[in-house]
Amino acid sequence: MKTPSVHLVWFRHDLRCHDNEALHAAFNAAAADNGVVIAVFIATAKSWQQHHMAAIRQDLLRRRVKALESELADLNIPLVMVEGVDYASCAKTIAAFIPKGLVALYAQREYEVREQQRDEQVSALLQQQQIDCHWFDRLCIMPPGSVLTQQGDVYKVFTPFKRNWLAKYAEQGVHCFAKPKPQARTFTDLPTFTVMQEGDNSSSAWPVAEAEVLQQMRLFCQQKVQDYTLQRDLPAVDGTSQVSPYLAIGVLSAQQCVARLQLEAGASIWQEKSGAAVWLSELIWRDFYKHIMLAFPKLIKHKAFQAETDLIQWPNNAALFEAWCQGKTGYPIVDAAMRQLNQTGWMHNRLRMITASFLVKDLHIDWRWGEQYFMSKLIDGDFAANNGGWQWAASTGTDAAPYFRIFNPVTQSQRFDANGDFIRKFIPELAAKSAKDIHWPHKPITPKGYAAPVVAHDQVRKITLALFSAVKNQENQHA
DNA sequence: TGCTGTTTCAG
DNA sequence: TGAAACAGC
């Protein structure tokens, strides 16, 4: 019997069967030439380590790949799970793996520098052997390059980007690809390979079955999104979608989120400040930061978008950094937030802004220290979103908060955790404090077991203003 | 999705 | 007296 043509889907950050364009295209091609579809995932622990990927995120990834294996098996697609090394060796791994009859590879494109290099190497290698590569731009809702100013430039400011994005969306909507039907034949003549290792199960609180994840997103769109505008800011309330870990590894696509939102919320997505519009806005931020990252590779090298802010000499006091990491700064909302991160691998977005502002503008520590720490702990750690968020908070980014926007951690705490419920949950030392006193528990004295404030906010904020205005003035003089 | 110090004005 | 508005950082 003749060897069938083989179509290989390479799963990376699109670990799903629904709305997977690469998988969909491979199916169509196999149907056309009477071939078969197979799939591969390559674990690259060394690269993940280099990128400071959190252990809990690595575990989520490995658990998800195992679940994907059985979901693909229902479609008669074998998923080969290889324990590789790093991005640089992926071409070698694939070369060693190439099955008999392979005619094409299908994958979703990624925009970080090393990921692009990896894909170029794989492209070159397969081209030598007359194997086609098909790359798909499905990581963003609107692919990079499709949302540009009238001059053809990449937007550097979010609001006009969003306006243009929404106009495109109004015009063309979003398309989702159906989950393929099981293929009639399957391919069993797989090469030998190093089997992927299991994770440490640290992410077990997060389900990984595709159906369950989809259901969570749908329930959010049905039941919670209408209250999102206000509820999303309260860390004590379960008012956010909680889909970020799944978007980060592609159990869900952002397109699926928008399509479902449209279905449930209808025209209210066009209504300013409706929950649907605000949640959609968050998804547009996700696109915005990815577009910016691709257009400005210096961001991947951890350079500040606003170059002059890299002239600031951050004191980088190691003891203060340690206090921040451990949640022992003496500022309850900051400490509760950091403990939530350390204990659960996730932090509420409002708290990400507060803790980031505090690290940079109260403790005077380089935002890159915080960026890396977040990556090393977050289950949803995504370079573009994390870097974008940090540069926004640190006032070094494109369309960032102005440098003089310095959060007062006590005011923020009073406003967004008014009863102190969130603080009490993560700081048992303060459990007895009243709603009034819990935000600043140091009067008349700091409770036993809780940290004294490591800095005085009203003093350090003035130093921040001076640090920034010095480099801004320098900039003006050069100009 | 800012804070702070100051001014203004109704009551 | 305190809410609201405002300007500057």
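In what follows, every chain begins at residue 1, and chains take the letters A, B, ... in the order their sequences are listed.
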Taking OP1 and OP2 of [N], is either one under 4.0 Å from a side-chain nitrogen or oxygen of [X]?
X	N	result
A/R461	C/dC9	no
A/Q412	B/dC3	yes
A/R415	B/dC3	yes

- B/dT1, B/dT4, C/dC9: which one has an atom nearest the side-chain heavy atoms of A/W392?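 Between B/dT1, B/dT4, C/dC9, the one nearest the side chain of A/W392 would be B/dT1.
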
Original post:
The side chain of A/H457 lies closest to which of these nucleotides: C/dC9, B/dT4, B/dT1?
Top reply: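 For the A/H457 side chain, the nearest candidate turns out to be B/dT4.
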
Can you see whether A/Y87 has A/R118 sitting over its ring - NZ or CZ less than 6.0 Å from the centre and within 45° of the normal?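 A/R118 over A/Y87 ring: yes.
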
message: Distance to the ring centre below 6.0 angstrom and angle to the axis at most 45 degrees; does that hold for A/K298 and A/F305?
response: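 Geometry flag: set, cation within 6.0 Å and 45°.
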
Rounded distance (Å) that lies between atom [atom2] of [N] and atom [atom1] of [X]:
X	N	atom1	atom2	result
A/L465	C/dC9	CG	C1'	6 Å
A/F358	B/dC3	CZ	C1'	16 Å
A/K462	C/dG8	NZ	C1'	14 Å
A/I406	C/dC9	CD1	C1'	8 Å
A/R405	C/dA7	CZ	P	17 Å
A/F404	B/dC3	CZ	P	13 Å
A/K472	C/dC9	NZ	C1'	13 Å

Check: Any side-chain donor-acceptor pair under 3.5 Å between A/D59 and A/S203?
Finding: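 Looking only at side-chain atoms, A/S203 and A/D59 do form a donor-acceptor pair, the distance falling under 3.5 Å.
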
Quiz item: Does a side-chain N-to-carboxylate-O contact under 4.0 Å join A/D14 and A/R109?
Solution: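 Result for this pair is no, no salt bridge flagged.
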
Heavy atoms only, 4.0 Å cut-off, all strands: where does A/T411 land among base, sugar-phosphate and nothing?
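The residue A/T411 makes sugar-phosphate contact but no base contact.
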
